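Residues take their numbers from the sequence shown, with the count starting at 1. First listed ligand is number 1; within each ligand, the first listed atom is number 1. These numbers come from a predicted model, not from an experiment.
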Amino acid sequence: MAEEEQQPVFADALFRQKRKHGKFRLVEPPRIAGPVVDTHAHVHLLADPALEFARCAAWGVGFVCDIVDVQEDAPDVFERIDDWHAQAQSRLPEAVERTREVLAAGGDELTHLPDGADAACFALPDDAASRSLPRLRLAAGVHPHNARFYDDAMESRLVNRLADPRICAVGEIGLDYHYDLSPREDQRRAFRRQIRLAHTTGLPAALHVREAHDEAFAILREEGFPEAGTLLHCFDLDWETLEPWVDRGCFVALGGALTFKRCQDTRDAVARTPRNLLLTETDSPYMTPEPMRGMPCGPAHTVFTAACMAEVLGCETEKARSQMLAQIAQNARALLDRPPTAWQIEHAQTAATERNCE
Ligand SMILES: [Zn+2]
């Protein structure tokens with residue numbers, strides 16, 4: 001984190017790769033026509049969330065789900081996120097203008113360009129400044145890392161949040177046996193209780209599972225898979241691991257890992273997954289896709305993962321790519337951009353009052 005904070009914040013919409021000695025090089029954006037969705041981002045953790053939303057608009061990322069942890073994240077994130085999103089409207093023309101300036105400037109600014117590259121390759125789409133902001137939804141939960149803090153008081157804070165009609169999922173919740181930052185017994189308990197909340201609230205569950213897929217699946221089978229849907233976030237394993245989830249109709253969200261060299265098994269698994277279960281995401285500020293690794297990840301980086309997915313799925317023509325992206329956007333909207341649940345409608349008012357008293 002400390003290293004990320006030292007990096008300069010660029011006010012444009014260009015994609016940069018970190019080079020040695022504090023230098024940066026521009027990265028050519030993929031040419032993908034179609035709506036792109038980021039179903040898992042922590043935009044509130046980035047240095048300039050409003051600029052990140054503006055960049056999403058510029059590059060055609062039309063949907064963002066921001067994932068908030070009620071234990072770890074500041075409670076005012078739920079208020080500030082709407083302000084950042086609103087500010088993005090005025091930041092967009094600025095970011096587009098600044099991008100044009102950088103590309104037109106020549107001289108020092110263009111030392112960012114790879115040798116012999118044409119500035120036009122890095123340019124934004126012509127209509128970038130007039131594109132609409134991404135649709136924003138939120139998810140709230142207690143991450144398995146924080147499961148040891150999960151008690152009745154924490155749960156009632158979470159329940160009050162879930163009644164907010166902007167919330168579209170309980171998450172991220174699950175088991176992380178890689179880091180084991182909370183005792184496994186606590187992780188299992190917090191996971192079960194939050195699956196029950198998904199049932200009560202009628203919301204889908206967004207899962208974070210690491211080195212614990214069999215156990216997470218068994219717990220879900222015991223508690224029942226949420227009727228509104230289950231999303232397996234940040235998948236980076238093989239088909240053997242994925243198959244039972246897909247058989248259960250769970251959605252699988254692919255982020256930066258899809259682009260990593262080591263993840264050929266994941267690309268093979270994606271190629272076998274029914275398209276109506278696929279989603280794209282970032283997990284920003286983490287999991288930066290190739291070729292921007294080393295830079296903080298923003299939700300606009302989803303375009304690189306989406307381009308990679310198009311390749312994995314063999315979408316060679318522009319038409320095939322845009323149909324595939326439309327399918328994924330449709331999956332995201334159906335799962336995460338639904339009207340408030342009956343439970344949310346019933347509890348919105350009391351929960352808002354209780355939140356104000358917190
Ligand atoms: Zn996450």
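Side chain of Arg267 to backbone of Lys261: a donor-acceptor contact under 3.5 angstrom is found. Remark: the backbone N or O of Ala332 is not paired with any side-chain donor or acceptor of Thr39 at under 3.5 angstrom.
Because the distance cut-off is set at 2.8 Å, His143 fails to qualify as a neighbour of the Zn ion (ligand 1), as none of its N, O or S atoms comes that close.
When rounded to 10 degrees, the angle formed at the Zn ion (ligand 1) by NE2 (His40) and NE2 (His42) equals 100°.
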Should Phe24 and Phe15 be marked as a ring-ring contact (aromatic ring centres under 6.0 Å, His included) after you check the CA-CA gap, both sets of side-chain angles, and the distance that decides it? CA-CA 10 Å; Phe24 296 89; Phe15 293 113; over 10 Å; no
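The atom name of the N/O/S atom in Glu172 closest to the Zn ion (ligand 1) is OE2. The atom of Asp283 nearest to the Zn ion (ligand 1) is OD1, with the search restricted to N, O or S atoms.
Checking each of Leu203, Leu220, Thr200 against Pro226 for a side chain to side chain contact (heavy atoms under 4.5 Å, CB included) leaves exactly one that passes, namely Leu220.
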